[in-house]
S.K.: 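Right, I'll just put the structure down here and ask away after.
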Amino acid sequence: MSVELSSLEQKQLEKMRRLREQGVDPYPPRAERTHTSRQAIAAFEAAEKDGEPAVPVVATLAGRLRAIRPMGKITFAHIEDGDGKIQLFLRANDLGAEQLAFFNHQFDLGDFIQASGEMFRTRTGELTLKVTAFRLLAKAITPLPAAKDEVVDGQVVRHALLSDPETRYRQRYADLAVNSEVRDLFRKRAAILRSLREFLDGQGFLEVETPILQPIYGGAAAQPFVTHHNQLHQDLYLRISFELYLKRLLVGGLERVYEIGRDFRNEGVSFKHNPEFTQLEFYCAYFDYLKVMELTEQMICYVADHVLGQRTVVYQGREINFAPPWRRVELRQGILETAGIDIAQAPTRNDLANAMEAKGIHPKPGATRGKLIDQLLGDHLEPTLIQPTFLYNYPRDISPLAKSKLDDPQTVERFEGYVAGFELCNAFTELNDPVDQEARFLEMGRDYDARDEERHPMDEDYLRAMRYGMPPNGGFGMGVDRLTMLLTDSPNIREVLLFPHLRNREDE
RNA sequence: GGCCCACUAGCUCAAUGGUAGAGCAGUUGACUCUUAAUCAAUUGGUUGAGCGUUCGAGCCGCUCGUGGGUCACCA
């Protein structure tokens, strides 16, 4: 092995080799399991009458050794499998002293074993397997981080649990192995994804898959990752959004489409940003942003109902209620109330910058009017949006793919959903006018510095698609990781990613 | 990228600038209903890396690394 092993690991490696010399395969290819821990307990309870089963419940269990308590001529142990933990009871009377000593000395915490016998109740009432045969399934070389559970008044108290975030994220396998609530969190994440699909499928949406490697990136303002196809001599970008491909599908006659997948943005990392993250986008022909708002409320409630069984959740100490209708706040009004500036009274970039200066707010140098509005939103309004809120009607120049309002061409029909002080989703009445769209692309190129990597590249094929005719439609995008944070009360996006992005370590 | 904090045994944590410790895990032994089993004994350290200050550094200073927080960035 290339890495240096600790003395404990070297001892275990030596133990494993000795077992092999004794004819014990430390990694046999097959296991026999008749019951999971839960199934064995359920089978006993079903057969049970007055504390005794009518017929013996014989089971072979398999799992990881989590506790061994030798007591002379008997030994208690716990193994953990996918369903939970179950106790084993081994007796010299049943197994012979030699077998019991083998179990006590050759098996270690973390090993996978299988054990056969009859289910019974101990004097304390715990359903337990009385073991008549056992076998090693996989030897552990590295000791699991010590974590013991103590039950106090029905509550499980963890001792010396693995808590160092770096180890937990870098060695997620160890984190999962010893922290059962981490396993539960990722089961919940899977349930969230399943519920989102169920809801959208039920609404007649078609799940599709579009390219991750794209010759032209677009649909969002973000720096892309660049890669290269060797044989084609072609630079490619990892997608920063699905938007432009999904809307091409509306041109093709698919009226309701959605995609759940990975987006990649080459930007800073933070408690709510990971370089790759899971995005949900859907597009719905003949919907506008108001209908998308209602669909959003229904969808989030559907997920909450199915995953949590309720529509409220406590996030970082504050109760959040997802029940519709969510508060609706016009962006102009929200900024007026929190920053004291009426953006409608500041029609140009300089007007707005002056208004901000007058309030003691330093406008970002070089920012467009839209970016200044975004600054006011992020600094003043966003932190106040704890309960689910739709902010709506956004400035045109930060929304190049959204349709303008009929009575106000400088404002677009767009909303963002905010919960717990951060952005959860983003949606608009999609721009389907190819002439206006081309003008927007050109505007973006003008307004942004030519070196600004976030400027929107022109996508000629997208414009061609739109010229074939795109039905009016409402589009929606949501960070699934952030929804998962909310529903699992996780303060950090890394908690809801199995393998969050971390810097390389020199020693690895 | 800036600033702040952290990094000590496998895990969780101690240690006035003066001999690096505890609990759990490990090892050895006792124990036939235990469950953080208990009891007795015991192994285990390049204190993140390097350089410096000092008679003497886990502790003070500098550089670097990693992580966390925060700001910047992120429609």
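Not measured: the values here are computed from a predicted model. A, B, ... follow the sequence lines: proteins, then strands. Residue 1 opens every chain.
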S.K.: Give me the distance, rounded to whole Å, that separates B:rC11 from B:rU70 when you measure between the C1' atoms they each carry.
M.R.: 29 Å

S.K.: Do A:D351 and A:T348 pair up side chain to side chain, a donor and an acceptor below 3.5 Å, judged on atom types alone?
M.R.: yes

S.K.: Measure CG/A:L13 against P/B:rG10 and give the value in whole Å, please.
M.R.: 17 Å

S.K.: Which one is paired to B:rU34, where only Watson-Crick or G-U wobble pairs with both distances under 3.5 angstrom count?
M.R.: none

S.K.: I need a per-nucleotide contact map over nucleotides 1-9 of chain B, read 5' to 3'. Cutoff is protein heavy atoms under 4.0 Å; write B for the base, S for backbone only, - otherwise.
M.R.: ---------

S.K.: Could you pick out which residue, A:L162 or A:Y394, lies toward the 5' side of RNA chain B when each is mapped onto its nearest nucleotide?
M.R.: A:L162

S.K.: If I compare all heavy atoms of A:V57 with all of A:F44, which pair ends up nearest, and what's the gap?
M.R.: CG2-CA, 3.8 Å

S.K.: Taking atom P in both B:rA37 and B:rG1, compute the distance separating them and give it to the nearest angstrom.
M.R.: 45 Å

S.K.: Strictly by Watson-Crick or wobble contacts shorter than 3.5 Å, is anything paired with B:rC7, and which nucleotide is it?
M.R.: B:rG65

S.K.: Does OP1 or OP2 of B:rG26 have a side-chain N or O of A:H105 closer than 4.0 Å?
M.R.: no

S.K.: Hunt down the Watson-Crick or G-U wobble partner of B:rU46, both distances under 3.5 Å, from any strand shown, or write none.
M.R.: none

S.K.: Closer than 4.0 Å, any side-chain N/O of A:K11 to the OP1 or OP2 of B:rU43?
M.R.: no

S.K.: Please report whether the ring centroid of A:F134 lies less than 6.0 Å from that of A:F103.
M.R.: yes

S.K.: Students often get this wrong, so: under 4.0 angstrom with heavy atoms, is A:L377 touching a base, only sugar-phosphate, or nothing?
M.R.: nothing

S.K.: Nearest 0.5 Å, what's the CZ-CD distance between A:R38 and A:E45?
M.R.: 12.0 Å

S.K.: For the pair made of CD in A:Q223 and P in B:rA72, what is the distance, rounded to whole Å?
M.R.: 17 Å

S.K.: Taking atom P in both B:rC60 and B:rC5, what distance in whole Å separates the two?
M.R.: 11 Å

S.K.: How many whole angstroms separate atom NE2 of A:H501 from atom P of B:rU66?
M.R.: 11 Å

S.K.: Does the side chain of A:N492 get closer than 4.0 angstrom to OP1 or OP2 of B:rG69 through an N or O atom?
M.R.: yes

S.K.: Please report the distance separating the P of B:rA9 from the corresponding atom of B:rA15, rounded so that it comes out in whole Å.
M.R.: 15 Å

S.K.: What is the nucleic acid contact for A:K364, judged by heavy atoms within less than 4.0 Å: base, sugar-phosphate only, or nothing?
M.R.: sugar-phosphate

S.K.: Roughly, in whole Å, what's the span from CD in A:Q10 to C1' in B:rG26?
M.R.: 14 Å

S.K.: Could you check whether A:R69 and A:H78, counting side-chain N and O atoms only, form a donor-acceptor pair closer than 3.5 Å?
M.R.: yes

S.K.: How far, in whole Å, is B:rG10 from B:rG44 if one measures between their P atoms?
M.R.: 12 Å

S.K.: Which nucleotide in the set B:rU12, B:rC74, B:rU70 lies at the smallest distance from any side-chain heavy atom of A:F271?
M.R.: B:rU70

S.K.: Using the P atom as the point on both nucleotides, what is the distance between B:rU53 and B:rG61, in whole Å?
M.R.: 15 Å

S.K.: Expressed as a whole number of angstroms, how long is the span from A:E267:CD to B:rC71:P?
M.R.: 17 Å

S.K.: Main chain of A:D436, side chain of A:D433: is a donor-acceptor contact present, judged purely on distance under 3.5 Å?
M.R.: yes

S.K.: Can A:E495 and A:S490 be counted as having a side-chain donor-acceptor contact under 3.5 angstrom?
M.R.: no

S.K.: Please give me the minimum heavy-atom distance between A:K359 and A:A339, naming the atom from each residue.
M.R.: CD-O, 4.0 Å

S.K.: Find the distance A:R168:CZ to B:rC11:P and express it as a whole number of Å.
M.R.: 14 Å

S.K.: Mind checking the P distance from B:rA72 to B:rU16? Whole angstroms is fine.
M.R.: 38 Å

S.K.: Which part of the nucleic acid does A:Y169 contact within heavy-atom distance under 4.0 Å: base, sugar-phosphate only, or nothing?
M.R.: sugar-phosphate

S.K.: Suppose we define a pair by two distances each less than 3.5 Å, Watson-Crick or G-U wobble; what does B:rG52 pair with here?
M.R.: B:rC60

S.K.: Need one value for A:T75: base, sugar-phosphate or nothing, where a base atom within 4.0 Å counts as base even if backbone is also close, heavy atoms only.
M.R.: nothing

S.K.: Would you say A:K247 and A:Y462 are linked by a side-chain donor-acceptor pair, where the criterion is simply a distance under 3.5 Å?
M.R.: yes

S.K.: Suppose you measure atom P in B:rU66 against the same atom in B:rG23; what distance do you get, rounded to whole Å?
M.R.: 36 Å

S.K.: CZ of A:F264 to CG of A:L238: how many Å apart, nearest 0.5 Å?
M.R.: 5.0 Å

S.K.: Need one value for A:N426: base, sugar-phosphate or nothing, where a base atom within 4.0 Å counts as base even if backbone is also close, heavy atoms only.
M.R.: base

S.K.: Tell me the partner of B:rA22, counting only Watson-Crick (N1-N3 plus N6-O4 or O6-N4) or G-U wobble (N1-O2 and O6-N3) with both under 3.5 Å; none if nothing fits.
M.R.: B:rU12

S.K.: Cation-pi between A:R318 and A:Y315: NZ/CZ under 6.0 Å from ring centre and within 45° of the ring axis?
M.R.: no

S.K.: Roughly, in whole Å, what's the span from CZ in A:R170 to P in B:rG48?
M.R.: 17 Å

S.K.: In whole angstroms, how far is the C1' atom of B:rG65 from the CG atom of A:L502?
M.R.: 14 Å

S.K.: Once each nucleotide of nucleotides 31-37 of chain B is scored for protein heavy atoms under 4.0 Å, what B/S/- sequence comes out, 5' to 3'?
M.R.: BBBBBBB

S.K.: Using the ring-ring contact (aromatic ring centres under 6.0 Å, His included) rule, pick out the option among A:F428, A:Y392, A:F390 that qualifies with A:F415.
M.R.: A:F390

